[in-house]
There are 2 protein chains.
Amino acid sequence: MDGYLEIAKNTVVGMLKAGNKAEQYLNGTLKPFDISLQQFNVLRILRGRKGKAANLNTVQQRMIHKMSNTSRLIDKLIEKKLVEREICPDNRRKIEIFITNRGLNLLDDLDNKIQMTEAEILKPLSIDDQKILRNLINKITLNN
Amino acid sequence: MDGYLEIAKNTVVGMLKAGNKAEQYLNGTLKPFDISLQQFNVLRILRGRKGKAANLNTVQQRMIHKMSNTSRLIDKLIEKKLVEREICPDNRRKIEIFITNRGLNLLDDLDNKIQMTEAEILKPLSIDDQKILRNLINKITLNN
DNA sequence: TTTATATATTTGTGTATACAATATTTGTAT
DNA sequence: ATACAAATATTGTATACACAAATATATAAA
């Protein structure tokens, strides 16, 4: 294997490892709150809509993990009373999902802790390196 | 949220997305061969040992995904006759795992396809950018 | 030698995930 | 209107996974 392919391989393996490490750390932070990273991200997506409803399709498109089963993930959040689901009156195929006050409060509690975890993950990098890394990664995930 | 924290957040989210994208692509390439990314990586680890045995502990440490259940993953590879397992004679607690010829042949078949997938994932980056990305990521995953 | 402790792997079990199949509603063409 | 296709979400099902508990072996201590 020549140099070019070797670099590509190492880069991709590194991406996998880095993503996995971030996931481990974040899940560790979330675990005491009995919530998974995917659930947390859905909550953040809903908070970002600032009261506006989101239908399942929209949520799915913005999710980090493109899992095929957002329905059941939402079910779990509903069980915990962190979100609510209604049938969209305009189009009864769709559903509308809202974050509850309880969900918002949970995110408030988590924000600091997640920030600390993010800082921990990126600790080996200077702020300038972080910017470079973010820009390179953004190029890769542009269409996702 | 101020700039610093925003950068960290975006960087971490980007890492998650990039890792996920890479995983999706690689799994897509592997799927026709009825093998998962984790199984593929174990096979590559074993090939890297060049005939030397690896015990389960060693494999687990080198795996990209630090799952707790390497036993059953090995079981799957044994079912497919891609690896073999023996009890270590020196220390009967340990097992020794080898890749079979069939496993090596499968890796041969896959090498080109995986390289093409890696190139596809990294297509948006120049080779210099790939090096920079790899170096930054390596700093993050140094202890993993 | 017996007991305790550490190491290495396997197994049990509940949950998560991927993928396909199935409703249900809407839009479109005949 | 009726039939057909598309969009949207849910459910079935097999597999994968995380985590803890159990098993088996080895090492150390009393």
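Protein chains get the first letters and strands the later ones, always in sequence-line order, with residue 1 at the start of each.
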**Asked** Taking all atoms of both residues into account, what is the closest heavy-atom pair of L125(B) and Q130(B), and its distance?
**Response** O-NE2, 3.4 Å
**Request:** Would you kindly give the CD1-to-C1' distance between I74(A) and dT17(C), to the nearest whole Å?
**Result:** 16 Å
**Message:** Under 4.0 Å from OP1 or OP2 of dC19(D): is there any side-chain N or O of K31(A) that close?
**Reply:** yes
**Asked** Checking side-chain hydrogen bond (donor to acceptor under 3.5 Å, both in side chains) for the pair T100(A)/E84(A): CA distance, chi angles, key distance, verdict?
**Response** CA-CA 7 Å; T100(A) 63; E84(A) 283 172 359; over 6 Å; no
**Request:** Measure from the side chain of N91(B), starting at C-beta and using heavy atoms only, and say which of dA6(D), dT11(D), dA26(D) lies closest.
**Result:** dA26(D)
**Phosphate contact (dC17(D) OP1 or OP2) by Q38(B) side-chain N/O below 4.0 Å** = yes
**Item:** Rounded distance (Å) that lies between atom C1' of dT15(C) and atom CG of L37(A)
**Value:** 16 Å
**Asked** Under 3.5 Å, is there a donor-acceptor pair between the side chain of N41(A) and the main chain of L37(A)?
**Response** yes
**Request:** Give a yes or no answer on whether the side chain of K31(B) reaches the backbone of L26(B) with a donor-acceptor pair at less than 3.5 Å.
**Result:** no
**Fill in**
Closest heavy-atom pair, G19(A) versus L16(B), reported as atoms and distance to 0.1 Å, is O-CD2, 3.7 Å
**Message:** Is R92(A) close enough to dT25(C) that one of its side-chain N or O atoms is under 4.0 Å from OP1 or OP2 there?
**Reply:** yes
**Nearest-nucleotide comparison on DNA chain D, the residue closer to the 5′ end among K76(B) and L56(A)** = L56(A)
**Asked** I97(B) has an atom CD1; how far is it from atom P of dA8(C), in whole Å?
**Response** 13 Å
**Request:** Side chain of R93(B) only, please: which of dA16(C), dT25(D), dT9(C) is the nearest?
**Result:** dT25(D)
**Fill in**
Taken to the nearest whole Å, CZ/R72(B) to P/dT11(C) is 8 Å
**Request:** Look at N57(A) and dT8(D) and indicate whether a side-chain polar atom (N or O) is within less than 4.0 Å of OP1 or OP2.
**Result:** yes
**Prompt:** Starting at the 5' end of DNA chain C and moving along, which residue's nearest nucleotide shows up first, D90(A) or N69(A)?
**Reply:** N69(A)
**Asked** Could you state the CG-C1' distance from N20(A) to dA18(D), rounded to the nearest angstrom?
**Response** 13 Å
**Request:** Select one nucleotide: of dA9(D), dT26(C), dA8(C), the one nearest the side-chain heavy atoms of K94(B).
**Result:** dA8(C)
**Request:** Mind calculating the distance between CD1 (I87(A)) and P (dT24(C)) to the nearest angstrom?
**Result:** 12 Å
**Prompt:** Roughly, in whole Å, what's the span from CG in L73(B) to C1' in dC17(D)?
**Reply:** 10 Å
**Asked** Please give, in whole Å, the distance from dT25(C) P to I95(A) CD1?
**Response** 14 Å
